[in-house]
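All chains are named by letter (A, B, ...) in the order of the sequence lines, taking the proteins before the strands, and each is independently numbered beginning at 1. Treat the numbers as computed from the prediction; the structure is a model and nothing was measured.
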Amino acid sequence: MPELPEVESIRLTLAKNTLGKKIIHIKILWSSAAISIPGYEFAELLKGKFIENFDRRGKYLLIGLSNGITMIVHFRMTGRLIYYPEIHPLDKHTHAVFCLDEGELHYSDIRKFGRIQLVPTAKAGEVASLVKLGPEPLDEAFSFDQLGQSLSKKKGTIKAALLDQTVIAGLGNIYADEALFRAGILPERNTRSLKVSEIILLYNSIYEILREGIDARGTSFRDYRDAEGNRGSFQESLMVYGRGGQECKGCGNPLERKKIAGRTTVFCLHCQR
DNA sequence: AGTGGCTCCTGAGCGC
DNA sequence: TGCGCTCAGGAGCCAC
């Protein structure tokens, strides 16, 4: 599932392959919920436009086009945007093909949870889902004070707080569990019970985990691929996610697996407290 | 206001 | 072999 490091990897590989290219035409194969406007209108708006820049906010990818329109993509669980230098056959779950002056870009999504919307670039900052987002964890301006302040407003468990995109943008189930393990904090801890020293540990862990995730070009636990169709490698470095019942890589005790904040959560009772 | 539960959707994995 | 069940989950929405 594309979280911040995966979306960032998609952004980088897309920019490398498609920046400055022209959209010749678009084939819409499935458009019911994924695209916010009727398919023909969507295709008409993008036809003949150049891909000018790529940005990312949390798990959202922002593609700037030459007509003053920004395409905002959220991949949710299984969304993919893959560039092929040559004409490439459609697969069962391809929803749209952007035919470029050189190569083509395929948007596919097995579970159909992904969303694409078009907004005027000038108003991209006003899009409700983006406005609500909390700070960017990799932004230089993001401090542990800021994290502490965001967390102080939350009740519930720290796991729920980390998944809340208004607290901090870009964490999903994988990186939330990994950051908590690294910080040595139990996911079920009440957010308000965290000491300043623990918030500093958590702040550093989030930063490191996301950086390492990007360096590994993301986590391909199952479906994730970057814009060149390649898998990431961070799944090899996971300490807890997807490892319930297995030995903790830190202490050797079996890892716990429990639903917290409605998400499967894996943690170590010995290494986290 | 904050929280918990439901919904969308498909494929994988399991037991029988 | 194949059926039917359960699970995986981001975020929007609703009820309390």
Open item on the list: Is A:F113 stacked against the base of C:dA11, taking the criterion as centroid distance under 5.5 angstrom and interplanar angle under 30°?
Closed with: no
- [ ] When you get a sec, tell me which of B:dT3, B:dG11, C:dG9 is the closest nucleotide to the side chain of A:K155?
- [x] B:dT3
Task: Strand contacts (DNA chain C) in residues 126-139 of chain A, 4.0 angstrom heavy-atom criterion - done: A:S129, A:K132
Open item on the list: For the aromatic rings, using the six-membered ring if either is Trp, is the centroid distance between A:F142 and A:Y203 under 6.0 Å?
Closed with: yes
Task: C:dC7 phosphate, OP1 or OP2, under 4.0 Å from A:K259 side-chain N/O - done: no
Open item on the list: By nearest atom, which of the nucleotides C:dA11, C:dA8, B:dG11 is closest to the A:R76 side chain?
Closed with: C:dA11
- [ ] Return the set of residues passing side-chain hydrogen bond (donor to acceptor under 3.5 Å, both in side chains) with A:T70 (not counting sequence neighbours), or none when no residue passes.
- [x] A:T121
TODO: Whole angstrom is fine here: how far is it from CD in A:E3 over to P in C:dA11?
DONE: 9 Å
TODO: State whether a side-chain donor-acceptor pair under 3.5 Å links A:E247 with A:N253.
DONE: no
Open item on the list: With a sphere of 6.0 Å drawn around NZ of A:K47, does it hold more than 12 non-hydrogen atoms of other residues, nucleotides or ligands?
Closed with: no
Open item on the list: Could you tell me how far apart A:D109 (CG) and C:dA11 (P) are, to the nearest whole angstrom?
Closed with: 13 Å
Open item on the list: Are the side chains of A:Y207 and A:L138 in contact, using a 4.5 Å heavy-atom criterion?
Closed with: yes
Open item on the list: Please report the distance, rounded to the nearest Å, between CG in A:N173 and C1' in C:dA8.
Closed with: 10 Å
Task: N or O in side chain of A:Q165 less than 4.0 angstrom from C:dA11 OP1/OP2 - done: yes
Task: Which residue lies more 5' along DNA chain B, comparing A:K154 with A:R111 via nearest heavy atoms - done: A:K154
- [ ] Calculate the interatomic distance between A:I110 atom CD1 and C:dA8 atom P; express it in whole Å.
- [x] 17 Å
Task: Distance below 4.0 Å between A:R263 side-chain N/O and C:dA8 OP1 or OP2 - done: no
- [ ] Of all the heavy-atom pairs spanning A:V240 and A:F267, show the shortest one and how long it is.
- [x] CG1-CA, 4.3 Å
Task: d(CG, A:L171; C1', C:dA11) in whole Å - done: 15 Å
Open item on the list: Nearest whole Å is fine: how far is B:dG4 C1' from A:D164 CG?
Closed with: 14 Å
Open item on the list: With a cut-off of less than 4.0 Å, is there a side-chain N or O of A:T78 near OP1 or OP2 of B:dT10?
Closed with: no
- [ ] Ignoring backbone atoms, establish whether A:Y241 has a side-chain N or O less than 4.0 Å from OP1 or OP2 of C:dG9.
- [x] yes
Open item on the list: At 4.0 Å (heavy atoms only), tell me whether A:R257 reaches a base, stays on the sugar-phosphate, or touches nothing.
Closed with: sugar-phosphate
Task: Nucleotide B:dC9, atom P - distance to NZ of A:K92 in whole Å - done: 15 Å
Task: A:H88 versus A:E86, side-chain donor and acceptor atoms under 3.5 Å - done: no
Open item on the list: When you measure from the side-chain N and O atoms of A:K59 to the phosphate of C:dA11, is any distance below 4.0 Å, counting only OP1 and OP2?
Closed with: yes
Open item on the list: Under 4.0 Å, heavy atoms only, any strand: does A:G156 hit a base, just the sugar-phosphate, or nothing?
Closed with: sugar-phosphate
TODO: Please check the phosphate of C:dG10 (OP1 and OP2 only) for any side-chain N or O of A:H74 closer than 4.0 Å.
DONE: no
- [ ] Grab the CD1-P distance between A:I174 and C:dG9 for me, whole Å please.
- [x] 8 Å
Open item on the list: Pairing donors with acceptors under 3.5 angstrom, does anything connect the side chains of A:K159 and A:T265?
Closed with: yes
Open item on the list: What's A:M77 touching, base or sugar-phosphate or nothing? Going by heavy atoms closer than 4.0 Å.
Closed with: base
